[in-house]
Amino acid sequence: MDSNGGGAAQARETGTLGKLMVLLDLVTHADAPLRFTDVLALAGQPRGTLHRQLSHLVEEGLLELDGDGRYAPGLRLLDFAARSWARNEFRMIAEPHLADLQRATGETVHLGVLRGQSIIYLDKVEGRQPVRMYSQIGNASPCYCTGVGKAALSRLSAESLVDLVAGLSFTSFTASTHVSAETLLAEIREIADQGYAFDREEHEAGIRCVAAPVWSEDRTFMGGISITGPAYRLSMELLHQWAVPVQLAAARIMEGMRVRLGPRR
C-alpha cells in the first residue's frame, strides 16, 4: 500500500471536509482497492462516522464500492481531473514546446510541477519507442530522485530549500538514490549553477533523464521539463548534449507564461 496515505490521515484531523479529503486520499493513493476494515485502520475515525462518510462519497460518485466490498476511486473524480487538466493554462502554454522536444529527440518528454515534497506530472509526450515507466499524468514522484524534481528544487530560495530538504524522508529506490540531505543539497547547488539536472537511474533502475527548471516570475510555483528514456539508449554523453535543447524549451515555456499569465493592465 502506498505510504502517502497514512500521512494524509495525520495531516488533517478536524472538520467534515478535511475528514472526507483524508478518505479520498487514502483510497486514491492505495495500490489496490481497500476494504472497510483497511480504511478503518488507516483513517483512525469511529466506525459509524466512517461508514456514513464513505457512503456519502459513494453516493456522490467520488468513490465506488465493488461487489466484494472494496472501495476504489469513482468516475466523478476522473471527470474532475480531466476538466482540470484540459483547462490548465500552464500545460497548454507548454504543450507545443513539449511536442517539439519530443520530435527532436524521439524520447519521452515530461512536464511537472513541485507540490510540497513531490513532483506532480501535468503532461507527458510519449517517445517513438514508449518505455514502461512510473510517470503518468497526475502521478506524484519524490522530488529528490527525479530530474524534474531536482531541477525545480534548484530554483527555491536557500531558506526554502533547506526547510524542504530537512523534512524529507529518504527512500532508496535504487543504488543511485540520494539517501542524505547533504548529498542532495550538494547536487542541487551544482544544478543551480549549470541550469539543468540529471536523473541517473535514481527513481527507476534503467531510466535516465535530463531536466531543466520552469518557474513563474513571482516564484509562486516551481516545476520543470525533462527528456526521459532507457539507460541503454540515453548515455550520459547524450544527455549532456540534450541539456541545451531542454533548457531552450524551458525558456520558451517561461516566455509564454510571462506573456499570457503576466499581470493584466
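Because the structure is a prediction, the values reported are computed rather than measured.
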Subject >> Qualifying residue, where the test is side-chain contact (heavy atoms from CB on, under 4.5 Å) with Leu122 and the options are Leu98, Ile225, Val113 >> reply: Val113
Original post:
Between the main-chain N or O of Ser180 and the side-chain N or O of Thr183, is there a donor-acceptor pair closer than 3.5 Å?
Top reply: yes
**OP:** Measure across Met257 and Phe90 and return the closest heavy-atom pair with its distance rounded to 0.1 Å.
**Re:** SD-CE1, 3.4 Å
Original post:
Quick one: does Val27's side chain get under 4.5 Å of Pro73's, heavy atoms only?
Top reply: yes
Original post:
So His203 and Phe173, would you call those rings parallel, tilted or perpendicular, with 30° and 60° as cut-offs?
Top reply: perpendicular
Original post:
Looking at Leu101 and Ala249, what are the two nearest heavy atoms and their distance?
Top reply: CD2-CB, 4.1 Å
Original post:
Is there a donor-acceptor contact under 3.5 Å from the side chain of Thr108 to the main chain of Gly127?
Top reply: yes
**OP:** Give, for atom CG of Leu239 and atom CZ of Arg208, the distance between the pair rounded to the nearest 0.5 Å.
**Re:** 7.0 Å
**OP:** Drop me the distance from Ile93's CD1 to Ile253's CD1, to the nearest 0.5 angstrom.
**Re:** 9.0 Å
Original post:
Do the side chains of Met21 and Leu57 join up, straight or via other hydrophobic residues, at under 4.5 Å, putting them in one cluster?
Top reply: yes
Original post:
For His51, does the NE2 atom sit with more than 12 other heavy atoms under 6.0 Å from it, leaving out its own atoms?
Top reply: no
Subject >> Considering all heavy atoms, the nearest Ala212-Val246 contact >> reply: CB-O, 3.7 Å
Original post:
Is it true that Val58 and Leu20 fall in one hydrophobic cluster, defined by side-chain heavy atoms closer than 4.5 Å?
Top reply: yes
Original post:
Distance-only, no hydrogens or angles: does the Asp193 side chain make a donor-acceptor pair with backbone N or O of Glu190 under 3.5 Å?
Top reply: no
Original post:
Is the backbone of His178 close enough, under 3.5 Å, to the side chain of Glu202 for a donor and an acceptor to pair up by distance?
Top reply: no
Original post:
Do any N or O atoms from the side chain of Asp66 and from the backbone of Asp68 form a donor-acceptor pair under 3.5 angstrom?
Top reply: yes
Original post:
About how many Å separate CG of Leu23 and CG of Leu62, when rounded to the nearest 0.5 Å?
Top reply: 11.0 Å
Subject >> Distance in Å, Ile188 CD1 paired with Leu156 CG, rounded so as to fall on 0.5 Å steps >> reply: 8.5 Å
**OP:** Supply the atom-to-atom distance Thr177 OG1 to Arg200 CZ, rounded to the nearest 0.5 angstrom.
**Re:** 12.5 Å
Original post:
Of the non-hydrogen atoms in Ala152 and Ile119, which two are nearest, and what is the gap between them?
Top reply: CB-CD1, 4.3 Å
Original post:
Where the side chain of Glu201 meets the backbone of Ser176, is there a donor-acceptor pair that is under 3.5 Å apart?
Top reply: no
**OP:** Answer yes when Arg103 and Asp100 have at least one side-chain N-carboxylate O distance shorter than 4.0 Å, and no when they do not.
**Re:** yes
**OP:** Kindly indicate whether the side chain of Asp38, heavy atoms from C-beta on, has any atom under 4.5 Å from the side chain of Tyr71.
**Re:** no
Original post:
Are Leu168 and Cys143 side-chain neighbours, meaning at least one heavy-atom pair lies under 4.5 Å?
Top reply: yes
**OP:** Could you pull out the closest heavy-atom pair between Ile191 and Ala151, with the gap in Å?
**Re:** CG2-CA, 4.3 Å
**OP:** Indicate, with yes or no, if Ile227 and Met236 share a hydrophobic cluster defined by side-chain heavy-atom contacts under 4.5 Å among Ile, Leu, Val, Met, Phe, Trp and Tyr.
**Re:** yes
Subject >> Backbone N/O of Thr171 and side chain of Tyr144: donor-acceptor pair under 3.5 Å >> reply: yes
Subject >> Contact summary for Lys150 and Ala197, nearest pair of heavy atoms >> reply: CB-CB, 4.3 Å
Original post:
Any side-chain heavy atom of Ser235 within less than 4.5 Å of one from His240?
Top reply: no
Original post:
Can you name the residues that form a side-chain contact (heavy atoms from CB on, under 4.5 Å) with Arg252, not counting sequence neighbours?
Top reply: His97, Leu248
Original post:
Just how far is it from atom CD of Gln117 to atom OG of Ser169, taken to the nearest 0.5 Å?
Top reply: 7.0 Å
